[in-house]
Amino acid sequence: MLSNREIMETIHMISDENLDIRTITMGISLLDCCSESMETMRQKIFDKIAKKAEYLVETGEKIEREYGIPIIHKRIAVTPISLLAANAAGESTVLALAMDAAAKQTGVNFIGGYSALVHKGYTAGDEKVIHSLPQVLKETERVCASVNVGTTKAGINMEAVREMGKMVKAVAEATKEQDSCGCAKLVVFTNAVEDNPFMAGAFHGVGEPECVINVGVSGPGVVRNAVAKLGKNASFDILAETIKKTAFKITRMGQLVAHEASRRLQVPFGIVDLSLAPTPAVGDSVAYILEEMGLEQCGAHGTTAALALLNDAVKKGGVMASSHVGGLSGAFIPVSEDAGMISAVRSGALSLEKLEAMTCVCSVGLDMIVVPGDTPAQTISAIIADESAIGMINNKTTAVRIIPAVGKRVGDTVEFGGLLGSGPVMPVSRYSSETFVGRGGRIPAPIHSLRN
């Protein structure tokens, strides 16, 4: 039974501290949609998604009303399209259009899974998906794409890294009328997970069931207020314990919503992703949590240590609240989606290099980073390679979602709107990585990958 105090505490978290369920994501397998005809496959994909997710949005809205818990997004993730695209002649773009149409039909915000897994090499389907990215992200509204270029077991496919630098630039150019916003729907991964409910990197892995419900929680504002109440003299032990207890409460709410959605939709419950996902709203910021720990501004020396404590405490508290924790589970540190991060960049406290250091101890990577539009493709590839190396060596998921905004320079601001917020254009190194990126081949897996 819940006490009156706990009930009131939860109500306060929702009304005053921006606590919400960030997303309910339905994963759908499309493996049975394969066909030698691209047109047949397109129709099968649309029909299956539209049928499976027919009541997803409606169910989420009912749970919101009945429990008073905001559920910000309802989303879909599907089998990586590259696994289907090789089965038929023709462009995979038509499959993306089917995904987009099904997303609109069901009313979800985004659909992920226009993806390719190329950490050891390309298939014909991978090539179709990757080369169509500029067109797909220009012509679709709700489709999100991802490419996995490395794993701890396989190493880093530098051919793919080089190619993705070019593709990011091409997507930016194709969507320049929207401030290159197409790049906000494209993620380059290392060690991508199969059950991630967060966009733009969500896809439904081949080890997943036919259909599943995954939930992503949020709550940076709640954690920040819990830390603030401790005052400036609380020890790190007390700080960590407080964050753990707060993460437990947040995750229990996510577990409740996940099971309720699973029951009503008659779809198996998958995982709760514990990630603290910020928004542009004032107070709903991971950077502000770090500053409440005693940093003058995010990016000051000590930021990486503070983030390490936060990330670990969130995970420890969350795993006590749910038997099925997965996805990325930690702290997102996107720049454009986090008001505190934006402020730190504008003041000069936070650089791209410091952000890279922070990704060693958080969950995701260099997320929603806006750089000058004239940044060379080779530099973008090298940034991807650096982040991939962090993921590969540390056996963790890392990613790069970078936006070379066409026509923008350092100091400019790009307005994306909505959850994506606004992004200050950050400087990148002016020194060339062209020869390094041009070598090709694979960076071998680290010695600690040999665990069998």
Min side-chain heavy-atom separation Met164-Leu186 under 4.5 Å: yes
Flag side-chain contact, heavy atom, 4.5 Å: Lys249 against Val222: no
Atom pairs and distances, side-chain donor-acceptor, residues 403-417, under 3.5 Å, sequence neighbours left out:
| from | atom 1 | to | atom 2 | distance (Å) |
| --- | --- | --- | --- | --- |
| Asp412 | OD2 | Arg409 | N | 2.8 |
| Thr413 | OG1 | Arg346 | NH2 | 3.4 |

Full working for side-chain contact (heavy atoms from CB on, under 4.5 Å) between Leu355 and Leu350: CA-CA 7 Å; Leu355 274 168; Leu350 186 61; 4.0 Å; yes
Listed partners of Lys104 passing side-chain hydrogen bond (donor to acceptor under 3.5 Å, both in side chains), at least two apart: Asp100
Phe110 and His73 aromatic ring geometry - parallel, tilted or perpendicular at 30°/60° bounds: tilted
Partner set under side-chain hydrogen bond (donor to acceptor under 3.5 Å, both in side chains) for Asp374, not counting sequence neighbours: none
Residues forming a side-chain contact (heavy atoms from CB on, under 4.5 Å) with Asp126, sequence neighbours excluded: Ser82, Ala116, Val118, Tyr122, Thr123
Donor on one side chain, acceptor on other, Thr304 and Lys354, under 3.5 Å: yes
Passing candidate, side-chain hydrogen bond (donor to acceptor under 3.5 Å, both in side chains) with Glu387, options Thr190, Thr359, Thr398: Thr359
Donor-acceptor contacts, no H, no angles, side chain residues 146-156, under 3.5 Å, sequence neighbours left out:
| from | atom 1 | to | atom 2 | distance (Å) |
| --- | --- | --- | --- | --- |
| Ser146 | OG | Ser115 | OG | 2.8 |
| Asn148 | OD1 | Asn191 | N | 3.3 |
| Asn148 | OD1 | Ala192 | N | 2.9 |
| Asn148 | ND2 | His119 | ND1 | 3.0 |
| Asn148 | ND2 | Gly150 | O | 3.2 |
| Thr151 | OG1 | Lys153 | N | 3.4 |
| Thr151 | OG1 | Ala154 | N | 2.8 |
| Thr152 | OG1 | Asn191 | ND2 | 3.1 |
| Thr152 | OG1 | Met392 | O | 2.9 |
| Thr152 | OG1 | Asn395 | OD1 | 3.2 |
| Lys153 | NZ | Ser449 | O | 2.9 |

Any residue meeting side-chain contact (heavy atoms from CB on, under 4.5 Å) with Pro376, in chain and number order, not counting sequence neighbours: Gln378, Thr379
